[in-house]
Amino acid sequence: MQEAYNEALKGINSNEGGPFGAVIVKNDKIIAKAHNRVIVSNDPTAHAEVNAIREASKQLQNFNLSGCELYTTCEPCPMCLGAILWARIDKVYYGATKEDAKKGGFDDAFFYEVVESNQKEFLQQIDAPKNKELFELWLKKEDRVEY
């Protein structure tokens, strides 16, 4: 967790992003370290956890990070949690809470509301039959790579 904390400090001191750091470990070895780079990259997805996942995937040459653990300075937002789950990371350890982040000016309460309530005015399904066909095509594809 100290390494994640140090990464967060790097981000704060360099004005690259918010006060967030993350580290991915496998077999007690650090695979990747990252901090928030939203500001410097103009990329709203450049959160510390996502950046660490990208680096770990590159280092391990695999999109499946099973067997890895993630240490992050703050409770993951819904986007990061989704990325963590897609990466198949085994365990997440976090420091500060989403309430602490809110006090620091990072309020993602609206994101949690959208995820938890499935707000119909925000999420609207269209062209369902046509797009459903894509999954049928995917399942018929003999050389598909499962993930």
Side-chain angles (χ1 to χ4, degrees), residues 1-126 128 131-132 134-135 137-139 141 143-147:
M1 185 59 88
Q2 183 62 50
E3 290 295 327
Y5 182 90
N6 293 344
E7 281 295 316
L9 286 177
K10 279 186 195 176
I12 290 171
N13 293 332
S14 65
N15 288 325
E16 292 184 339
F20 306 96
V23 173
I24 295 179
V25 174
K26 184 169 187 174
N27 299 325
D28 296 322
K29 180 183 174 204
I30 293 175
I31 304 300
K33 299 188 281 187
H35 55 271
N36 183 297
R37 295 179 48 85
V38 169
I39 296 168
V40 70
S41 67
N42 289 315
D43 179 354
T45 69
H47 290 199
E49 297 92 336
V50 172
N51 292 336
I53 288 168
R54 289 173 178 155
E55 182 60 28
S57 295
K58 189 185 306 179
Q59 292 300 320
L60 296 174
Q61 297 182 357
N62 199 328
F63 55 80
N64 185 325
L65 300 181
S66 296
C68 292
E69 297 176 329
L70 186 142
Y71 294 81
T72 181
T73 57
C74 189
E75 185 175 358
C77 74
M79 177 189 69
C80 290
L81 184 57
I84 291 163
L85 293 170
W86 275 113
R88 308 295 193 247
I89 291 173
D90 292 351
K91 184 85 174 178
V92 177
Y93 300 95
Y94 67 91
T97 66
K98 60 186 173 193
E99 290 79 18
D100 297 322
K102 181 178 181 176
K103 290 176 187 172
F106 297 89
D107 186 7
D108 53 10
F110 173 71
F111 307 128
Y112 286 99
E113 289 172 18
V114 170
V115 170
E116 292 167 3
S117 70
N118 192 19
Q119 292 185 3
K120 294 298 179 192
E121 58 275 359
F122 184 75
L123 297 172
Q124 293 192 4
Q125 184 178 30
I126 61 171
N131 290 286
K132 182 179 177 181
L134 294 169
F135 293 96
L137 289 171
W138 171 254
L139 290 174
K141 187 172 169 48
D143 63 342
R144 73 178 181 271
V145 176
E146 299 284 342
Y147 64 96

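We're numbering straight along the sequence, starting at 1. Side chains included, hydrogens not; waters and symmetry mates left out as well; all remaining heavy atoms used.
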| note | In terms of heavy-atom contacts, Ile24 and Ala56 come closest through CD1-CB, 3.8 Å
| message | Once rounded to the nearest 0.5 Å, what's the spacing between atom CG of Leu65 and atom NZ of Lys26? | response | 8.0 Å
| field | Close side-chain approach of Thr73 to Pro19, heavy-atom, < 4.5 Å | value | no
| task | Mark yes when over 12 heavy atoms from residues, nucleotides or ligands other than Tyr5 sit less than 6.0 Å from its OH; otherwise mark no. | result | no
| Verdict with reasoning, His47 to Cys77, per side-chain contact (heavy atoms from CB on, under 4.5 Å) | CA-CA 9 Å; His47 290 199; Cys77 74; 3.6 Å; yes
| Between Trp86 and Tyr147, what is the ring plane arrangement, given parallel below 30°, perpendicular above 60°, and tilted in between? | tilted
| query | Does the side chain of Lys10 reach to within under 4.5 Å of the side chain of Asn13, using non-hydrogen atoms? | reply | no
| Donor-acceptor pair, Glu16 side chain versus Gly11 backbone, under 3.5 Å? | no
| query | Can you check whether Thr97 reaches Cys74 side chain to side chain, under 4.5 Å on heavy atoms? | reply | no
| query | Between Lys141 and Asp143, does a salt bridge (Lys or Arg N to Asp or Glu O under 4.0 Å) hold up when you go through it step by step? | reply | CA-CA 6 Å; Lys141 187 172 169 48; Asp143 63 342; 2.8 Å; yes
| query | Under 3.5 Å, is there a donor-acceptor pair between the side chain of Arg37 and the main chain of Asn51? | reply | no
| task | Mind checking the CG-CD1 spacing from Leu70 to Ile53? Nearest 0.5 Å is all I need. | result | 6.0 Å
| query | So do Val25 and Cys68 actually touch side chain to side chain, heavy atoms under 4.5 Å? | reply | no
| said: I need the minimum non-hydrogen distance between Lys98 and Glu75, along with the two atoms involved. | reply: N-OE1, 3.0 Å
| said: Does Gln61, at its CD atom, have more than 12 non-hydrogen atoms belonging to other residues, nucleotides or ligands within less than 6.0 Å? | reply: no
| message | Could you report the tightest heavy-atom contact between Ala8 and Gly21, atom names first, then the distance? | response | CB-N, 3.6 Å
| query | What pair of heavy atoms forms the shortest contact from Ala52 to Ala32, and how long is it? | reply | O-CB, 3.5 Å
| query | Could you give the distance from CZ (Phe111) to SG (Cys80), rounded to the nearest 0.5 Å? | reply | 11.0 Å
| task | Step through it carefully: locate the ring centre of Phe20, locate the ring centre of Phe106, and say whether they are under 6.0 Å apart. | result | yes
| message | Which heavy atom of Met1 sits nearest to which heavy atom of Tyr71, and what is that distance? | response | N-CD2, 4.0 Å
| task | Please determine, by modelled atom types, if Gln2 and Asn6 share a side-chain donor-acceptor pair under 3.5 angstrom. | result | yes
| query | In terms of side-chain heavy atoms, does Glu49 have a donor or acceptor partner in Thr72 at a distance below 3.5 Å? | reply | yes
| Close side-chain approach of Thr45 and Arg54, heavy atoms under 4.5 Å | yes
| message | For Ala96, is there any backbone N or O sitting under 3.5 Å from a side-chain donor or acceptor partner on Asp100? | response | no
| message | Keeping Asn27 on the side-chain end and Lys29 on the backbone end, is there a donor-acceptor pair under 3.5 Å? | response | no
| Whether Asp90 side chain and Gly67 backbone form a donor-acceptor pair below 3.5 Å | yes
| Do Val92 and Glu69 come close enough that some side-chain heavy atom pair is under 4.5 Å? | no
